[in-house]
Participant: 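A single structure is presented below for examination.
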2 protein chains.
Amino acid sequence: MPRAATTSDIFNAVAEPRRREILTFLARRERPVSEIVIGLELDQPSVSKHLRVLRETGLVHMRCQGRQKFYRTNAQAIRPLHDWASRFEQYWSQQLNRVKQRAEAVAARENT
Amino acid sequence: MPRAATTSDIFNAVAEPRRREILTFLARRERPVSEIVIGLELDQPSVSKHLRVLRETGLVHMRCQGRQKFYRTNAQAIRPLHDWASRFEQYWSQQLNRVKQRAEAVAARENT
DNA sequence: ACATTAGATGTCTATATAGGAATATGTCAA
DNA sequence: TTGACATATTCCTATATAGACATCTAATGT
């Protein structure tokens with residue numbers, strides 16, 4: 001079996017670095033496709049294809065105005081990723097505490 | 001160009017759902033491979049291959065003991081993912097606030 | 001109507017899987 | 001040494017890209 005489709009979920013969609021750049025670029029405000037092409041120095045068909053993946057996974061919203069299409073990051077859609085990673089927060093803070101405690105123990109020993 | 005290797009970075013590594021399951025499974029405590037096989041109902045070669053990807057990206061640590069190998073999630077390695085997603089937190093909270101404010105405005109109107 | 005502009009789609013190619021089956025490596029126990 | 005056990009690797013196949021290039025569609029201005 002090959003890898004899951006990039007459109008299967010947000011984890012696969014954001015695995016591509018260019019798509020992450022696009023999401024960052026479109027987070028603050030909506031922009032037409034041409035601005036993405038110029039701003040990120042990608043060629044236009046490539047941007048359109050990435051936007052399609054992002055649209056299908058709900059990571060961006062699109063608004064038509066004349067012949068322009070304005071895209072904007074849908075920040076809400078990124079929450080599941082954040083939530084998943086957050087489950088490990090307790091573990092890395094534990095690890096940090098252990099490191100900190102060891103350092104303090106060493107320091108205390110050196111001061112006696 | 002094909003997709004980037006799963007071992008190229010953690011974004012690609014965690015794009016695979018089974019690997020996310022494994023990381024969750026190994027977060028609380030270290031376990032030998034056989035426990036992963038039984039616990040997640042995967043076949044052994046598949047688990048070994050996923051573990052290799054996770055090892056190469058630094059998402060798990062491994063410890064040998066006799067003929068067993070104990071794996072454990074390296075929570076620290078997940079932080080970049082969390083940090084990236086966190087950059088969008090301000091935007092989704094803004095969106096939530098707008099929704100909240102609209103709801104409150106409606107409620108206020110109905111009470112007059 | 002016609003040329004122009006913005007964006008989307010199609011084609012082609014090289015490459016990296018994930019799964020399944022078979023096999024290899026390494027370690028312990030009798 | 002031999003056999004059993006734990007894990008890793010190899011081989012095979014079908015499939016899904018991402019990039020480059022060409023082309024198509026839709027909306028606009030004159």
Participant: Here's a test of your reading of the structure: between Ala4(A) and Leu51(A), which maps to the more 5' nucleotide of DNA chain C?
Facilitator: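 Closer to the 5' end of DNA chain C: Leu51(A).
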
Participant: Gln68(A) side chain: which of dT7(D), dA6(C), dT17(D) is closest?
Facilitator: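 Per side-chain heavy atoms of Gln68(A), the pick is dA6(C).
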
Participant: Can you figure out which of dA14(D), dT17(D), dA21(C) approaches the side chain of Pro2(B) most closely?
Facilitator: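 Of the options given, the side chain of Pro2(B) lies nearest dT17(D).
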
Participant: Select base, sugar-phosphate, or nothing to describe what Tyr71(A) touches, counting heavy atoms under 4.0 Å on all strands.
Facilitator: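 Sugar-phosphate, no base atom in range.
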
Participant: I want to check one thing: is the phosphate of dT7(D), taken as OP1 and OP2, less than 4.0 Å away from some side-chain N or O of Ser34(B)?
Facilitator: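 Indeed, a polar side-chain atom of Ser34(B) lies that close.
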
Participant: So if I take every side-chain heavy atom of Arg19(B) and compare against dA18(C), dT7(D), dA18(D), which nucleotide ends up nearest?
Facilitator: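 Among the listed nucleotides, the one closest to the side chain of Arg19(B) is dA18(C).
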
Participant: According to a strict under-4.0 Å criterion, is Ser46(B) in side-chain N/O contact with OP1 or OP2 of dG19(C)?
Facilitator: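 Checking dG19(C) against Ser46(B), a side-chain N or O does come within under 4.0 Å of OP1 or OP2.
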
Participant: Atom NE2 of His61(B) and atom CZ of Arg72(B): how far apart are they, to the nearest 0.5 Å?
Facilitator: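 So the NE2 of His61(B) and the CZ of Arg72(B) are separated by 10.5 Å.
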
Participant: Arg52(B) versus Ser48(B): any side-chain heavy-atom pair under 4.5 Å?
Facilitator: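 No, too far: nothing below the 4.5 Å cut-off.
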
Participant: Rounding to a whole Å, what distance do you find between Asp9(A):CG and dT17(D):C1'?
Facilitator: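 Answer to the nearest Å: 15 Å.
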
Participant: Which part of the nucleic acid, if any, lies within reach of Pro45(A) when heavy atoms closer than 4.0 Å are counted: base, sugar-phosphate only, or nothing?
Facilitator: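 Base: the residue Pro45(A), judged by heavy atoms under 4.0 Å, touches a nucleobase.
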
Participant: If you look at every strand shown and take non-hydrogen atoms under 4.0 Å, does Thr6(A) touch a base, only sugar-phosphate, or nothing?
Facilitator: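 Thr6(A): backbone/sugar contact only, no base atoms under 4.0 Å.
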
Participant: For DNA chain D, whose closest nucleotide is more 5', that of Lys49(A) or that of Ala5(A)?
Facilitator: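 The residue closer to the strand's 5' end, by nearest nucleotide, is Ala5(A).
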
Participant: Do the non-hydrogen side-chain atoms of Ile36(B) and Leu51(B) ever get within less than 4.5 Å of each other?
Facilitator: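 Ile36(B) reaches Leu51(B) side chain to side chain.
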
Participant: Taking only side-chain nitrogens and oxygens of Arg52(A), does any of them come within less than 4.0 Å of OP1 or OP2 of dT9(C)?
Facilitator: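 So the side chain of Arg52(A) is within the cut-off, an N or O lying under 4.0 Å from OP1 or OP2 of dT9(C).
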
Participant: Please compare His50(A) and Arg67(A) by the position of their nearest nucleotide in DNA chain D and report the one closer to 5'.
Facilitator: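 By nearest-heavy-atom nucleotide position, the 5'-most residue is His50(A).
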
Participant: Taking CZ from Phe70(A) and P from dA8(C), how many angstroms apart are they, rounded to a whole number?
Facilitator: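 It is 13 Å, rounded to the nearest whole Å.
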
Participant: Rounded to the nearest angstrom, tell me the gap between atom CD1 in Ile36(B) and atom C1' in dA6(D).
Facilitator: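 One finds 12 Å between C1' of dA6(D) and CD1 of Ile36(B), rounded.
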
Participant: Starting at CZ of Phe11(A) and ending at P of dA18(C), how long is that distance when rounded to a whole Å?
Facilitator: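 The distance from CZ of Phe11(A) to P of dA18(C) comes to 15 Å, rounded to the nearest Å.
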
Participant: Between C1' on dA8(C) and CD on Glu56(A), what's the gap in Å once rounded to a whole number?
Facilitator: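 Nearest whole value for this atom pair: 12 Å.
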
Participant: Taking C-beta and beyond as the side chain, do Trp84(A) and Val14(B) meet within less than 4.5 Å on heavy atoms?
Facilitator: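 SC-SC contact between Trp84(A) and Val14(B) confirmed.
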
Participant: Would you mind classifying the nucleic acid contact of Gln44(B) as base, sugar-phosphate or nothing, using non-hydrogen atoms under 4.0 angstrom?
Facilitator: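 Base contact.
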
Participant: Counting side-chain heavy atoms from CB outward, which of dG19(C), dG20(C), dT17(D) is closest to Arg18(B)?
Facilitator: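 Looking only at side-chain atoms, Arg18(B) lies closest to dG19(C).
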
Participant: Please report the distance, rounded to the nearest Å, between CG in Asp43(A) and C1' in dA22(D).
Facilitator: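 Spelled out: CG on Asp43(A) to C1' on dA22(D) is 12 Å.
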
Participant: Compare all side-chain heavy atoms of Arg18(B) with those of Leu40(B) and state whether any distance is below 4.5 angstrom.
Facilitator: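 When only atoms from C-beta onward are counted, Leu40(B) and Arg18(B) do not touch, as no gap falls below 4.5 Å.
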
Participant: Rounded to whole Å, please give me the gap between CG in Asn12(A) and C1' in dA18(D).
Facilitator: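 So the two atoms are 14 Å apart, to the nearest Å.
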
Participant: CD of Gln65(A) versus P of dA27(D): gap in Å, rounded?
Facilitator: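 Spelled out: CD on Gln65(A) to P on dA27(D) is 14 Å.
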
